[in-house]
Engineer: 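Let me give you the structure first, and then I'll get to my questions.
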Amino acid sequence: MNVPLARWTLFLPSPGCAQVWRRNFLVWRKTSLASLVGNLGEPLLTLLAMGYGLGRFVGDLEGTPYLLFVTAGLLATSSMNTASFEALYGSFTRMTRQNTFVAMLVTPLSVADIVAGEILWAAGKGFFAGLCILLVGMVLSPIPLVSALLILPLMLLSGILFAALAMVATALSP
């Protein structure tokens, strides 16, 4: 069964997905101060309490300072959790309660544009949350610059992965 190429383009996002990302950014900008306080305050408190407080009792783990060990774990979980939560709760709210997706479908955007834009937005928020933890971690612990630069693409990829999985769950939820 051959499906014409024109039918496949219905499932591919266009550059319009950037408009969905932009719309979400403009809405987020109104509450960005509270978001920044949370994104910087939480890792600061966690790294201080776990890294320095508990780290005094634990010591080094095979030559690695405990604070560095905790920072690596926080980086992974933060980008994953933030991207998942935004794609689950934020996208579900925009889809059902606010009917934002219905309004977007009146414009020249396709469903693929909306889904891709939501995934990119959630991945971007996950990347930003991980970046905040990385910056706080670099101030508090000796993270090598090369390692910090290598972790950036991994944070973005994990954000995209978990945002895409969460969007599948959001799409299937009643």
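The first residue in the sequence is number 1, and the count goes up from there.
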Engineer: If you group Ile, Leu, Val, Met, Phe, Trp and Tyr by side-chain heavy-atom gaps below 4.5 Å, do M155 and V136 land in one group?
Structural biologist: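 They do share one cluster, since a chain of ILVMFWY contacts under 4.5 Å joins M155 to V136.
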Engineer: State which residues pass side-chain hydrogen bond (donor to acceptor under 3.5 Å, both in side chains) with S91; sequence neighbours excluded, sorted by chain then number.
Structural biologist: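 Listed in chain order: E118.
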Engineer: Tell me, which pairs form a salt bridge (Lys or Arg N to Asp or Glu O under 4.0 Å) where one or both residues lie in residues 70-84, sequence neighbours left out?
Structural biologist: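 Residue pairs with at least one partner in residues 70-84: there are none.
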Engineer: Supply the atom-to-atom distance I133 CD1 to I151 CD1, rounded to the nearest 0.5 angstrom.
Structural biologist: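 It comes to 11.5 Å.
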Engineer: Cut-off 3.5 Å, no hydrogens considered: what does the side-chain donor-acceptor table look like for residues 122-131, sequence neighbours left out?
Structural biologist:
| residue | atom | partner | partner atom | Å |
| --- | --- | --- | --- | --- |
| K125 | NZ | E86 | OE1 | 3.2 |

Engineer: Connecting only ILVMFWY residues whose side-chain heavy atoms lie within less than 4.5 Å of each other, what is the rest of L88's hydrophobic cluster?
Structural biologist: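 Grouped by the 4.5 Å side-chain rule, L88 forms a cluster of one, so the answer is none.
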Engineer: Holding to side-chain hydrogen bond (donor to acceptor under 3.5 Å, both in side chains), I want the full list of residues that pass it with S158, two or more places apart in sequence or in another chain.
Structural biologist: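 Residues passing side-chain hydrogen bond (donor to acceptor under 3.5 Å, both in side chains) with S158: S79.
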Engineer: Hey, quick one: are I114 and L26 part of the same hydrophobic cluster, counting side-chain heavy atoms closer than 4.5 Å, chains of contacts allowed?
Structural biologist: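 Different hydrophobic clusters.
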Engineer: Any side-chain heavy atom of R94 sitting closer than 4.5 Å to one from N24?
Structural biologist: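 In short, these two side chains touch, coming nearer than 4.5 Å.
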Engineer: Output a table of donor-acceptor pairs, distance under 3.5 Å, between side-chain atoms of residues 159-171 and any protein atom two or more places apart or on a different chain; print 'none' if there are none.
Structural biologist:
| residue | atom | partner | partner atom | Å |
| --- | --- | --- | --- | --- |
| T170 | OG1 | A87 | O | 2.8 |
| T170 | OG1 | A166 | O | 3.0 |

Engineer: Please set out all donor-acceptor pairs under 3.5 angstrom arising from side-chain atoms of residues 100-108, sequence neighbours excluded.
Structural biologist:
| residue | atom | partner | partner atom | Å |
| --- | --- | --- | --- | --- |
| T100 | OG1 | Q98 | OE1 | 3.4 |
| T107 | OG1 | M104 | O | 2.4 |
| T107 | OG1 | L109 | N | 3.4 |

Engineer: Would you please say whether a donor-acceptor pair under 3.5 Å links the side chains of N81 and S84?
Structural biologist: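 No donor-acceptor contact under 3.5 Å links the two side chains.
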Engineer: Which residue pairs pass the salt bridge (Lys or Arg N to Asp or Glu O under 4.0 Å) test with at least one member in residues 156-174, sequence neighbours excluded?
Structural biologist: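 Applying salt bridge (Lys or Arg N to Asp or Glu O under 4.0 Å) to every pair that reaches into residues 156-174, excluding sequence neighbours, yields nothing.
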Engineer: For F69, is the CZ atom crowded, meaning more than 12 foreign heavy atoms sit under 6.0 Å from it?
Structural biologist: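 Open.
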Engineer: Output all residues satisfying side-chain contact (heavy atoms from CB on, under 4.5 Å) with V27, sequence neighbours left out; order by chain, then residue number.
Structural biologist: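 Expected list: R23.
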Engineer: Taking G73's backbone N and O only, do any of them form a donor-acceptor pair with T77's side chain (distance below 3.5 Å, no angle check)?
Structural biologist: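 Yes.
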Engineer: Quick check: is L75 connected to L68 through a chain of hydrophobic side chains (ILVMFWY, heavy atoms under 4.5 Å apart)?
Structural biologist: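 L68 clusters together with L75.
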Engineer: With sequence neighbours left out, write down each residue that passes side-chain contact (heavy atoms from CB on, under 4.5 Å) with F85, or none if nothing qualifies.
Structural biologist: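 F85 satisfies side-chain contact (heavy atoms from CB on, under 4.5 Å) with Y89 once adjacent residues are dropped.
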Engineer: Do L67 and L45 sit in one hydrophobic cluster, given that two such residues count as connected whenever their side-chain heavy atoms are within less than 4.5 Å of each other, even indirectly?
Structural biologist: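 As far as the 4.5 Å side-chain criterion goes, L45 and L67 are not connected within one cluster.
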Engineer: Report yes if the side chains of L134 and L152 come closer than 4.5 Å at any heavy-atom pair, otherwise no.
Structural biologist: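 Side chain of L134 against side chain of L152, heavy atoms only: contact under 4.5 Å found.
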Engineer: Holding to side-chain contact (heavy atoms from CB on, under 4.5 Å), I want the full list of residues that pass it with F25, two or more places apart in sequence or in another chain.
Structural biologist: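 In terms of side-chain contact (heavy atoms from CB on, under 4.5 Å), with neighbours along the sequence ignored, F25 is linked to W21, W28, R29, W121.
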Engineer: So which residues get pulled into V146's cluster when ILVMFWY side chains under 4.5 Å apart are joined, directly or through others?
Structural biologist: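 Once heavy-atom contacts under 4.5 Å are chained together, V146 belongs with L150.
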